[in-house]
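Order of the sequence lines sets the chain letters (A, B, ...), proteins ahead of strands, with each chain counted from 1.
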Amino acid sequence: MSEPAATDDKTSSPPPPPAQHKSWADEADDDAEAANETTAPTTAVPSSSSPSLNVDELSIDENKKPPKLLDDPEDSNIQAVRSLSLQSRLLRLAISQLLNFSSARVYTFLTFVDSVQVTSGDTPYTSAATFEDLNLSAELLRGLYVEMRFQKPSKIQAISLPMILNPPHRDLIAQAHNGSGKTTCFVLGMLSRVDPSVQAPQALCICPTRELAIQNTEVLRKMGKHTGISSECAVPTDSRDSLPIQKREPIKAQVVIGTPGTIKKWISFKKLGVTRLKILVFDEADQMLAEDGFKDDSLRIMKEIEKFNSSCQVLLFSATFNDIVKNFVERTVKKDHNKLFVKKEELSLDAVKQYKVRCPDELSKIEVIKDYIFELGENVGQTIIFVRTRQSAKMLHKSLVDMGYEVTSIQGALDHEERDKIVKEFRDGLTQVLISTDVLARGFDQQQVNLVINYDLPIKHTAEYTREFEPDYEVYLHRVGRAGRFGRKGAVFNLIYDEKDERLMSKIENHFGTRVSEVREKSVEDYKAALKEAGLLQ
DNA sequence: AAAAAAC
């Protein structure tokens with residue numbers, strides 16, 4: 001039995017919640033109109049400034065030992081930051097001027113082993129060393145240990161769960177590495193905040209793709225198996241076998257997980273009530289709130305909930321938040337939110353070894369895939385090949401099938417049924433190699449995937465009139481993150497063939513501060529060596 | 001110039 005670490009902190013009565021601004025929809029409104037303008041609105045409360053500028057110190061209980069440093073590369077820095085209410089800001093300002101300190105309090109803690117206490121504003125949070133520390137129900141603990149086979153909270157879980165579960169239930173923006181267990185954070189949050197005696201939607205989770213919504217629903221059902229909590233997956237169905245929403249009874253499920261369009265539709269048809277909602281989650285929140293993502297849908301849903309229910313806790317989770325979306329996202333939630341961020345340099349997964357392969361032409365990309373990667377791939381686990389367009393997904397699929405290889409491919413133009421089937425076959429291990437557009441770039445969790453091939457590199461489609469292509473760093477990171485789930489080993493091969501690719505690749509290297517080594521010679525032995533280096537072969 | 005959702 002592991003020693004329960006410092007749970008006594010909980011017993012010290014938490015101070016009353018400070019006055020809260022609950023007008024998050026209003027905030028969102030402002031932003032929607034002033035999308036790109038940066039001038040501070042009215043009397044600028046020195047809003048939660050960029051952490052890197054104001055990193056001050058970790059506020060640790062004096063009686064506690066300081067956090068120990070781990071040299072585990074995975075256990076990299078997370079910054080815990082708290083936006084302060086106006087009152088406490090003014091108070092801090094007064095004090096700090098007296099003491100000649102910086103006025104913004106930004107709490108950062110590096111790594112921890114057992115227990116860290118973070119004081120956020122005036123609320124102390126003790127990280128959870130064990131799941132028992134979280135006061136979860138016995139049924140939920142059983143789900144964690146027996147169904148999920150979890151032993152103890154991962155780092156992001158240890159830090160974020162106390163903030164999610166304990167009053168005053170502040171909004172939270174949380175960033176954590178791919179495969180580090182973000183889903184568990186919000187699924188556990190939703191399950192434990194539901195009142196089992198109320199048969200109405202109390203938790204809502206919105207995801208960018210059908211596949212992710214289904215996956216999250218499955219995780220929730222597994223983890224919540226013994227709780228009796230009901231759930232519904234709100235994704236489009238092929239009209240044949242299901243009643244149109246107009247004719248359905250209002251949703252009674254206590255947790256609803258789905259994609260924006262369907263959720264919007266259900267709400268507008270009054271089939272999904274929002275008045276009892278206690279917690280609203282955006283998975284892949286940076287994409288959900290990006291200009292070229294689901295911003296409009298997300299804000300509309302937020303506003304609709306706010307209209308009837310001002311005390312709904314909002315959680316925003318993602319592995320990536322670029323500066324632009326980060327800035328916006330922080331103004332979308334209530335002002336006194338908590339936030340956890342990871343430094344950019346810390347994000348690239350050290351567990352996944354990155355390679356580039358220079359190919360003389362487009363055709364030779366296919367040669368590389370079949371001659372080397374397929375040759376070795378099957379000893380290595382499953383493989384996802386990412387392509388930029390639906391067209392290339394079809395094209396590559398056809399070429400490989402024509403050559404006699406057993407691969408499948410998925411992209412958004414396929415029927416829902418077909419998509420579900422292909423994902424299921426891949427999950428069941430019936431297929432070894434899956435070609436995919438960026439539908440599966442984010443969140444798709446299949447632990448057997450050890451190899452990712454970037455058939456082409458992700459490109460940012462900004463409205464700028466530049467000739468220069470910009471890589472989509474976030475998508476790159478998410479793609480890479482499909483391998484190496486939960487700290488496993490993995491490898492990525494980036495296939496590049498022209499000047500454009502070269503520039504994209506080096507920009508990616510610069511951005512993440514990593515060097516991507518090249519597989520030079522063209523022989524099976526070289527790929528073997530690369531996979532050995534990645535830890536995938538002996 | 002893409003993909004995602006969904007009308």
Check your understanding: Between the side-chain atoms of A/D438 and the base atoms of B/dA2, is any donor-acceptor pair under 3.5 Å?
Key -> no
Check your understanding: Is NZ or CZ of A/K326 both nearer than 6.0 Å to the six-membered ring centre of A/F341 and within 45° of the ring axis?
Key -> yes
**Study point:** Touch class at under 4.0 angstrom, heavy-atom based, for A/R390 against every strand present
**Key:** sugar-phosphate
Practice item. Using atom NE2 of A/H416 as one end and atom C1' of B/dA4 as the other, report the distance to the nearest whole Å. Key: 11 Å
Check your understanding: Over how many whole Å does the gap from A/I245 atom CD1 to B/dC7 atom P extend?
Key -> 11 Å
Review point. What is the nucleic acid contact for A/D472, judged by heavy atoms within less than 4.0 Å: base, sugar-phosphate only, or nothing?
Key: nothing
Point to revise | Below 4.0 Å: OP1/OP2 of B/dA5 and any side-chain N or O of A/R300 | key: no
Exercise for review: Take atom CZ of A/F386 and atom P of B/dA4, then tell me their distance rounded to the nearest Å.
Suggested key: 12 Å
Check your understanding: A/K265 has a side chain; which of B/dA1, B/dA5, B/dC7 sits nearest to it?
Key -> B/dC7
Point to revise | Rounded interatomic separation in angstrom, taking CD from A/E211 and P from B/dA5 | key: 7 Å
Review point. Who passes side chain to side chain donor-acceptor pair (under 3.5 Å) against A/R276, sequence neighbours left out?
Key: none
**Study point:** Nearest-Å distance for atom pair CD/C1', residues A/Q246 and B/dA6
**Key:** 14 Å
Review point. Taking 4.0 angstrom as the limit, do A/E518 and A/K356 come out as a salt bridge?
Key: no
Check your understanding: Does the cation-pi check pass for A/K295 over A/F328, that is, NZ or CZ under 6.0 Å from the six-membered ring centre and within 45° of its axis?
Key -> yes
Review point. Where the side chain of A/T209 is defined as all heavy atoms beyond and including C-beta, which of B/dA3, B/dA4, B/dA6 is the nearest nucleotide?
Key: B/dA4
Practice item. Describe the nucleic acid contact of A/Q287 in one word from base, sugar-phosphate, nothing, applying a heavy-atom distance below 4.0 Å. Key: nothing
Review point. Closest to the A/T262 side chain: B/dA6, B/dA2, B/dA5?
Key: B/dA6
Review point. Less than 4.0 Å between a side-chain N and a carboxylate O, is that true for A/E375 and A/K370?
Key: no
Check your understanding: Would you say B/dA4 has OP1 or OP2 under 4.0 Å from some side-chain N or O of A/T259?
Key -> no
